[in-house]
Amino acid sequence: MLHEEIDDYVHFLVPTEAEHQMRELTVKRIERLVKRLWKDAEVRVFGSFETKLYLPTSDVDVVIICPSIPPSRTKQALTDLDRLIGQEGIARSKEFISGARVPIIKIVDGVTTFPVDISLNVPSGLDSAALVKQFLSDPVYGPGLRPLMLILKQFLLQRGMNEPFSGGMGSYALLVLVSSFLKLHPLLQMGQIRCRDNLGVLLLEALDFWGNTFNY
């Protein structure tokens, strides 16, 4: 029963092609502004948008890769972009967090209403996205990884425990936990059960393992 409920709920959470295209439109609107400032810049997406592990409320993570901007000018470059975003009025709201370890501009798109985080010359997120895709393509535990991730992300979101800056758990940390659990599961390792056919059991076993068994 739980397995079927997870299947149904994940089907509800997974974005439609139209929803995905609206997020792509959001990225293109930002890209047009970026190209006006820096012709050699490349706008890339990473995080849950790139891996399609996002929830309906998830933000879009964007990184601008621009070789002509040295590290010493990162904050000034983002300040210029923040000013242009304000002048063009493409954002319903915006905030430039310049004092963070990785400075970012947070906006809510004025047309699509999707929240976007924009960073500059921080390619580590692109490498992480490639690793996540590798996990998802694994023939043994990959088919169960996506539904379990979506369920657990929603579980954390509903409890306000999904933001690392407030002590919660981000998507990448959650993915590492779930992947490790599935990879080390003895029945999956021996091929006695199929991950995709036992989502309910695996979800309960994972919660029991992290809550009662794992030695923190």
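Computed from a predicted structure; not experimentally measured. Keep in mind that the numbers below use all heavy atoms, side chains included, and drop hydrogens, waters and symmetry copies.
- Here the CG-CG distance, from Leu53 to Leu13, works out to 11.5 Å after rounding to the nearest 0.5 Å.
- Between Cys195 and Gly144, the shortest heavy-atom distance links the atoms SG-CA, 3.4 Å.
- Annotation for Ile151 and Val10: closest pair CG1-CG2, 3.9 Å, computed over non-hydrogen atoms.
- Separating the CZ atom in Arg196 from the CZ atom in Arg194 is a distance of 9.5 Å, to the nearest 0.5 Å.
- Interatomic distance, Leu152 CG to Leu156 CG, rounded to the nearest 0.5 Å: 6.5 Å.
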**OP:** Please lay out, stage by stage, how Val116 and Ile30 fare under the test side chain to side chain contact (heavy atoms under 4.5 Å, CB included).
**Re:** CA-CA 9 Å; Val116 186; Ile30 294 170; 3.5 Å; yes
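- Listed here is the closest heavy atom pair of Glu19 and Val14: OE1-O, 4.3 Å.
- Atoms CG and CG, from Leu202 and Leu188 in turn, are 5.5 Å apart once rounded to the nearest 0.5 Å.
- The two residues Leu37 and Leu84 come nearest to each other via the heavy atoms CG-CD2, 3.8 Å.
- Inter-residue side-chain proximity for Trp38 and Leu81 is flagged as met; some heavy-atom pair is nearer than 4.5 Å.
- Under the 4.5 Å side-chain criterion, counting only non-hydrogen atoms from C-beta, Val60 is not in contact with Asp117.
- A salt bridge between Asp109 and Arg92 is absent, with no side-chain N of the basic residue lying under 4.0 Å from a carboxylate O of the acidic one.
- Taking 4.0 Å as the cut-off between side-chain N and carboxylate O, Glu88 and Arg36 count as a salt-bridged pair.
- Here Asp82 contributes atom CG and Lys75 contributes atom NZ; the two are 13.5 Å apart, rounded to the nearest 0.5 Å.
- Minimum interatomic distance between Ile104 and Ser119 (heavy atoms only, all atoms of both residues): CG2-CB, 4.0 Å.
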Subject >> Evaluation steps, side chain to side chain contact (heavy atoms under 4.5 Å, CB included), between His11 and Asp8 >> reply: CA-CA 5 Å; His11 181 73; Asp8 291 341; 5.7 Å; no
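- Between the CD1 atom of Ile65 and the CG atom of Asn121 there is a distance of 5.5 Å, given to the nearest 0.5 Å.
- Both tests pass for Arg23 against the ring of Tyr54: distance under 6.0 Å to the centre and angle within 45° of the axis.
- Annotation: His185 is not in aromatic contact with Tyr141 [ring centroid separation under 6.0 Å not met].
- Using modelled atom types and a 3.5 Å distance limit, the side chains of Gln134 and Asp138 yield no donor-acceptor pair.
- Residues in residues 40-50 take part in these side-chain hydrogen bond (donor to acceptor under 3.5 Å, both in side chains) pairs, two or more places apart or across chains: Asp40-Ser68, Glu50-Lys133.
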**OP:** Could you please spell out the steps behind the side chain to side chain contact (heavy atoms under 4.5 Å, CB included) verdict for Lys35 and Lys39?
**Re:** CA-CA 5 Å; Lys35 289 291 187 180; Lys39 298 298 183 185; 5.6 Å; no
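- Here Lys183 pairs with nothing under the salt bridge (charged side-chain N to carboxylate O under 4.0 Å, His left out) rule; sequence neighbours left out.
- Taking 4.5 Å as the limit, every side-chain heavy atom of Asn198 sits out of range of all side-chain heavy atoms of His3.
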Could you go through residues 160-181 and list every donor-acceptor pair under 3.5 Å that involves a side-chain atom there, pairing it with any protein atom two or more places apart or in another chain?
residue: Ser166; atom: OG; partner: Glu163; partner atom: O; Å: 3.0
residue: Ser171; atom: OG; partner: Lys153; partner atom: NZ; Å: 3.2
residue: Ser179; atom: OG; partner: Leu175; partner atom: O; Å: 2.8

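- Heavy atoms only, all atoms of each residue included: Phe46 and Leu126 are closest at CB-CD2, 3.9 Å.
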Subject >> Phe49 and Val62: CA distance, side-chain angles, deciding distance, side chain to side chain contact (heavy atoms under 4.5 Å, CB included) verdict >> reply: CA-CA 9 Å; Phe49 175 78; Val62 171; over 6 Å; no
